[in-house]
Undergrad: 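One structure coming up, written as structure tokens, with questions to follow.
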Amino acid sequence: MNYLERSVGNKKILWLKQYNRYLVLELSAYDVIKRKLEGQDRKIISAHISKSYHLPESEAKRYVGEIVTMIKQLSDYNIGDRGNSLNPSSVDIPNHFYSTKCYKINELTFHVQYGSYHLEHLNHQKFAHLESNLSNIPDHQFQVFQNGEQSVLLVNGKIIGQWLPENDHYLSGKFSMELLNAMYHRTESDWMGVFHASAISNKEKCMLFLGDSGSGKSTTCAVLMASGFNLLADDFVPVDGSTGSVYSFPAAVSVKKSAITSLIDFFPELEAADEFAYPEMDKTVRFLPPVLQSDNSSMGYPCKALVFVKYKEDSGMTIEKLPSDVAFPKLVPDSWISPIEENASRFLDWFLGISCYQLIYSDNDRMVNAIQKLFSDDL
Amino acid sequence: MKARLNEKTEEKITRKEALKKAGKYAVFTAAAAIVLLSPKEAQAGSAPTNAGRGYRPS
């Protein structure tokens with residue numbers, strides 16, 4: 001099958017396998033694309049559209065032409081993870097590394113050798129709370145170093161990829177992905193997706209908090225964490241391909257300088273925490289290790305809701321249901337979703353089975369109360 | 001930021017112009033009828049791109 005389709009409200013969602021792209025369509029546009037995918041001739045499609053939607057023939061022809069052109073242009077997009085494939089013989093593994101860190105995660109030990117201060121700064125801080133004494137025989141070894149202009153990631157001796165400086169965030173993402181796979185004894189194809197979100201659980205179900213950078217999702221989850229919820233993941237939220245369950249990822253919460261004041265009462269340790277400046281992203285952060293009320297970090301949790309959050313001064317608190325066809329375009333562009341058909345199918349069903357909300361707030365107590373009610377279906 | 005805003009404004013004007021041109025059939029345009037969404041090509045972190053490259057002795 002070269003496409004998947006689902007209904008959402010009075011629209012259709014199509015996933016095109018060849019391009020790994022999602023389209024949200026008015027029914028007339030869906031009609032055109034579906035017929036084109038089935039191999040119908042453009043003239044026949046135009047005639048059908050003209051008749052079915054009461055359009056003059058010229059307008060139907062124009063409409064069909066625009067849509068077909070748009071689909072053809074999809075082939076101009078490159079699909080790839082910007083981590084170029086690398087010939088093993090072209091990589092010079094350094095004899096000396098800037099630092100070696102040992103992390104303990106889920107009873108596994110990871111040795112990570114960083115080739116430079118920059119590469120350590122990029123990846124280490126959010127895992128610093130997991131640091132442990134170096135062991136004789138680690139379960140996994142990661143090496144991150146410069147190879148010419150690009151940074152290379154090796155995991156257990158296998159080259160994972162290389163990235164130019166402007167793609168450092170993809171290196172960071174792949175580093176986390178490899179850590180995730182090792183933690184849960186999986187491969188990338190086992191995951192439905194990884195979301196740029198923060199996730200909390202009540203030990204039975206979980207919620208994802210989404211929004212643009214600076215919208216307040218990490219701060220919201222930190223407040224919820226202080227109120228008794230478990231933080232599952234911050235910034236990097238993995239979802240299992242076969243069950244749709246959300247899994248934990250042990251990176252610390254990065255708290256922006258602007259949020260420190262509102263969180264210091266909940267987490268006094270933030271006052272003394274080291275501060276890290278990221279001038280290229282125009283932000284300064286401190287890291288807050290996740291708190292687990294009970295440890296069953298190998299479990300996944302079903303997702304109760306997707307909450308699109310916006311902290312807005314003096315707004316009190318409002319939370320409203322968001323229609324799925326409105327939420328879907330907010331979710332997809334900021335997410336890595338597996339391009340494997342089974343996972344894409346799982347993603348569509350997963351998303352359409354979850355309620356979405358828009359949360360705007362400034363009052364922490366009211367926000368916590370609303371989330372508690374949402375979990376218990378009392379909202 | 002300003003450049004990005006201008007790009008968005010320009011994009012909006014182009015869409016607006018296209019829809020205006022289509023007149024009463026504006027809903028039957030690719031721009032109005034289709035939202036194209038591209039997921040990220042790979043997992044990405046919210047990470048700095050330049051925090052002082054190069055070896056810094058401890």
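Note on naming: letters A, B, ... go to the chains in the order of the sequence lines (proteins, then strands), and numbering restarts at 1 for each one.
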Undergrad: Working to the nearest 0.5 Å, report the span between OG of A/Ser58 and OH of B/Tyr25.
TA: 7.5 Å

Undergrad: Within the 4.5 Å heavy-atom criterion, are A/Met70 and B/Ile34 side-chain neighbours or not?
TA: yes

Undergrad: Under a 4.5 Å heavy-atom cut-off, does chain B meet the side chain of A/Tyr114, its backbone, both or neither?
TA: neither

Undergrad: Quick one: what part of A/Val194 sits under 4.5 Å from any heavy atom of chain B, side chain, backbone, both or neither?
TA: side chain

Undergrad: Counting neighbours of CD on A/Glu57 that are heavy atoms of other residues, nucleotides or ligands and sit closer than 6.0 Å, is the number greater than 12?
TA: no

Undergrad: Which bit of A/Ser335 comes within less than 4.5 Å of chain B, counting heavy atoms only: side chain, backbone, both or neither?
TA: backbone

Undergrad: Looking only at atom types and distance, does a side-chain atom of B/Gln43 sit under 3.5 Å from a main-chain N or O of A/Lys174, one as donor and one as acceptor?
TA: no

Undergrad: Name the region of A/Phe236, side chain, backbone, both or neither, that has any atom closer than 4.5 Å to a heavy atom of chain B.
TA: side chain

Undergrad: Given that the side chain runs from C-beta out, which part of A/Asp334 has a heavy atom under 4.5 Å from chain B: side chain, backbone, both or neither?
TA: both

Undergrad: Taking the side chain as C-beta and beyond, is there a heavy-atom pair between B/Val35 and A/Leu23 under 4.5 Å?
TA: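 The answer is no; the side chains never approach within 4.5 Å.
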
Undergrad: Mind checking whether A/Tyr22 and B/Pro39 have side chains closer than 4.5 Å, heavy atoms only?
TA: yes

Undergrad: Using heavy-atom distances under 4.5 Å, tell me whether A/Leu27 contacts chain B through its side chain, its backbone, both, or neither.
TA: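 Looking at A/Leu27, nothing touches chain B.
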
Undergrad: With a 4.5 Å cut-off on side-chain heavy atoms, are B/Ser38 and A/Tyr19 touching?
TA: no

Undergrad: Report the option among A/Leu25, A/Val32, A/Ile337, A/Leu16 that has the most heavy-atom pairs separated by less than 4.5 Å from atoms of chain B.
TA: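 Winner by heavy-atom pair count: A/Leu25.
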
Undergrad: Of the non-hydrogen atoms in B/Ala33 and A/Tyr63, which two are nearest, and what is the gap between them?
TA: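 Closest approach of B/Ala33 to A/Tyr63: CB-OH, 3.2 Å.
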
Undergrad: Keeping the roles fixed (side chain from A/Arg62, backbone from B/Thr29), state whether a donor-acceptor pair exists under 3.5 Å.
TA: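 No.
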
Undergrad: Would you say the side chain of B/Leu36 lies within less than 4.5 Å of the side chain of A/Leu74, judging by non-hydrogen atoms?
TA: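 Yes; the side chains approach each other to less than 4.5 Å.
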
